[in-house]
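Quick notes on the structure that follows.
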Amino acid sequence: MLTEKVAVVTGGNRGIGKAIALAFAKQGAKVVINCSAEKSLETANKVVDEIASFGGEAFAVVADVSSFSEAKNLIDASIKKFGKIDILVNNAGITKDGLLLRMSEEDFDDVINVNLKGAFNCIRHAVRPMMKFGGSIINMTSVSGLSGNAGQVNYSSAKAGLVGMTKATAREFAKKKIRVNAIAPGFIETDMTHGLNDEVKNEIAKTIPLKRMGSVEEVANVALFLASDLSSYITGETIRVDGGMIM
Ligand code: NAP
């Protein structure tokens, strides 16, 4: 499905990003696995090795996407290695939850800088080389950005911003055959949700029509759809993968 395609996945070393990187590589894409810092390189290289184990091609690049210059290094390194970029997945994300009355300026800025500005930084550097052949950009938003979530003013703002960024970018680059879409996962089993105890998880699961958390593979399947020609007439869209949580 993605033979000869080159994909950059930010935060591709674990969680949802890792599942997306593996799914793309299994469909023939060459994948750049980004992680935030040197300390994560070991996990990123494990993903590279896993991809190599089934005959795929990947390499790891350390870059903090919230930095404009490091995002440029990521894109430059990807093009140097594979010659082009067809697919960019802005998946890197963090949470720093707390009620607004107690939220520090730093916690607000950090979450905006990684989740929202990080996507801008990567798109800003990748889109010009992508204009040559067209392609697909996928932004990882969240149901928190669609419905709002108490205790996540920073995260909900960043993720809602990504929905706007997705639509504006889709309009700007449609004529260059670059489609831009977003995925809004609900409650997915990863390190991000690992901190919650079983009782809380069970309570949340009860409120979800499908009565369970989602898996990273279920999000990766939608990323594969949006990255491939199966979604060739879809742009500016946000697809929820949330078991019906906020319909
Ligand atoms: P995760 O397991 O916590 O992984 C986060 C990933 O983002 C890691 O690979 C991390 O790299 C990377 N990252 C963080 N800051 C970065 C930075 N400054 N530069 C580059 N990479 C950075 O999270 P996840 O659950 O897989 O979430 C992936 C995306 O889905 C996020 O955007 C998240 O907001 C969104 N999402 C998740 C859920 C959920 O329920 N899990 C729901 C809705 C939306 P390091 O390992 O180097 O830190």
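For ligands, and for the atoms within them, numbers begin at 1 and follow the listed sequence.
- No donor-acceptor pair closer than 3.5 Å links the side chain of Ser40 to the backbone N or O of Ser36.
- Of the candidates Gly11, Ser142, Ala19, Gly11 brings a heavy atom nearest to atom 12 (C) of ligand 1.
- Protein heavy atom in closest approach to atom 38 (C) of ligand 1: Gly186 O, 4.0 Å.
- Taking any N or O of Tyr155, backbone or side chain, at least one lies under 3.5 Å from an N or O belonging to ligand 1.
- Scanning all heavy atoms of the two residues, the minimum distance from Leu162 to Leu116 falls at N-CD1, 3.6 Å.
- Contact analysis puts Val114 in contact with ligand 1, with a non-hydrogen atom separation below 4.0 angstrom.
- The proximity of Ile16 to ligand 1, defined as any non-hydrogen pair under 4.0 Å, involves the side chain as well as the backbone.
- Looking only at side-chain heavy atoms (C-beta outward), Phe173 and Thr235 stay at 4.5 Å or farther from each other.
- The Gly15 neighbourhood of ligand 1 comprises atoms 2 (O), 26 (O), with distances under 4.0 Å to a heavy atom of that residue.
- We find that Glu189 and Arg212 are not joined by a salt bridge, their nearest charged nitrogen and carboxylate oxygen being 4.0 Å or further apart.
- The local environment of NZ in Lys5 is sparse, with at most 12 non-hydrogen atoms from other residues, nucleotides or ligands closer than 6.0 Å.
- Close approach of ligand 1 to Cys35 (heavy-atom distance below 4.0 Å) involves ligand atoms 47 (O).
- Classified by interplanar angle (parallel below 30°, tilted 30° to 60°, perpendicular above 60°), the ring pair Phe120/Phe68 is parallel.
- Residues Asn34 and Ala63 share a closest heavy-atom pair of ND2-O, 3.0 Å.
- A donor-acceptor pair under 3.5 Å is formed between the side chain of Thr141 and the backbone N or O of Lys159.
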message: With side-chain hydrogen bond (donor to acceptor under 3.5 Å, both in side chains) as the criterion, how do Asn113 and Ser66 come out once you've worked through the C-alpha distance, each side chain's angles and the decisive distance to 0.1 Å?
response: CA-CA 5 Å; Asn113 285 339; Ser66 68; 6.0 Å; no

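- Using a 4.0 Å cut-off between heavy atoms, Lys159 contacts ligand 1 through its side chain alone, with no backbone atom that close.
- By the 4.5 Å heavy-atom criterion applied to side chains, Val9 and Ile33 are not counted as neighbours.
- Distances between N or O atoms of Thr190 and those of ligand 1 include at least one value under 3.5 Å.
- Of all atoms in ligand 1, numbered sequentially from 1 with element shown, those under 4.0 Å from a heavy atom of Ile94 are 14 (C), 15 (N).
- Inclusion of Val65 in the set of residues having an N or O under 3.5 Å from an N or O of ligand 1 is warranted.
- Protein heavy atom in closest approach to atom 30 (O) of ligand 1: Met140 CG, 3.2 Å.
- Under the 3.5 Å distance criterion, with hydrogens and angles disregarded, no donor-acceptor pair is assigned to the side chains of Thr10 and Asn91.
- Among protein heavy atoms, atom 9 (O) of ligand 1 sits closest to Asn13 OD1, 2.5 Å.
- Ligand 1 lies less than 4.0 angstrom from a heavy atom belonging to Thr141.
- Taking atom 32 (O) of ligand 1 as the reference point, the nearest protein heavy-atom neighbour is Asn91 O, 2.7 Å.
- Protein heavy atom in closest approach to atom 13 (N) of ligand 1: Ala92 CB, 3.8 Å.
- Ligand-side atoms of ligand 1 in range of Asp64: 17 (C), 18 (N), 19 (N), range being under 4.0 angstrom from any heavy atom.
- When side chains are defined from C-beta on, Lys167 counts as touching Val163, because their heavy atoms get closer than 4.5 Å.
- Listed by number with element, the atoms of ligand 1 under 4.0 Å from a non-hydrogen atom of Asp191 are 2 (O).
- For atom 10 (C) of ligand 1, the nearest non-hydrogen atom of the protein is Arg14 NH2, 3.8 Å.
- Contact annotation: the side chain of Ser231 approaches that of Arg179 to within less than 4.5 Å [non-hydrogen atoms, C-beta and beyond].
- Residue Gly93 has at least one heavy-atom neighbour below 4.0 Å for each of these atoms of ligand 1: 5 (C), 7 (O), 14 (C), 31 (C), 32 (O).
- Side-chain atoms of Phe24 and Val89, non-hydrogen and from C-beta on, do get closer than 4.5 Å to each other.
- Considering backbone and side-chain atoms alike, Pro185 places every N or O at 3.5 Å or more from each N or O of ligand 1.
- Put simply, the side chain of Ile188 does not reach to within 4.5 Å of the side chain of Met213, judged on heavy atoms.
- Atoms of ligand 1 found under 4.0 Å from any heavy atom of Ala63, numbered from 1 in the order shown, are 19 (N), 20 (C).
- Ligand 1 has an N or O atom lying under 3.5 Å from an N or O atom of Ser40, backbone or side chain.
- Looking at Asn34 against ligand 1, only its side chain comes within 4.0 Å, counting heavy atoms.
- For ligand 1, the atoms closer than 4.0 angstrom to any heavy atom of Ile188 are 39 (C), 40 (O), 41 (N).
- Among protein heavy atoms, atom 17 (C) of ligand 1 sits closest to Ser36 CB, 3.6 Å.
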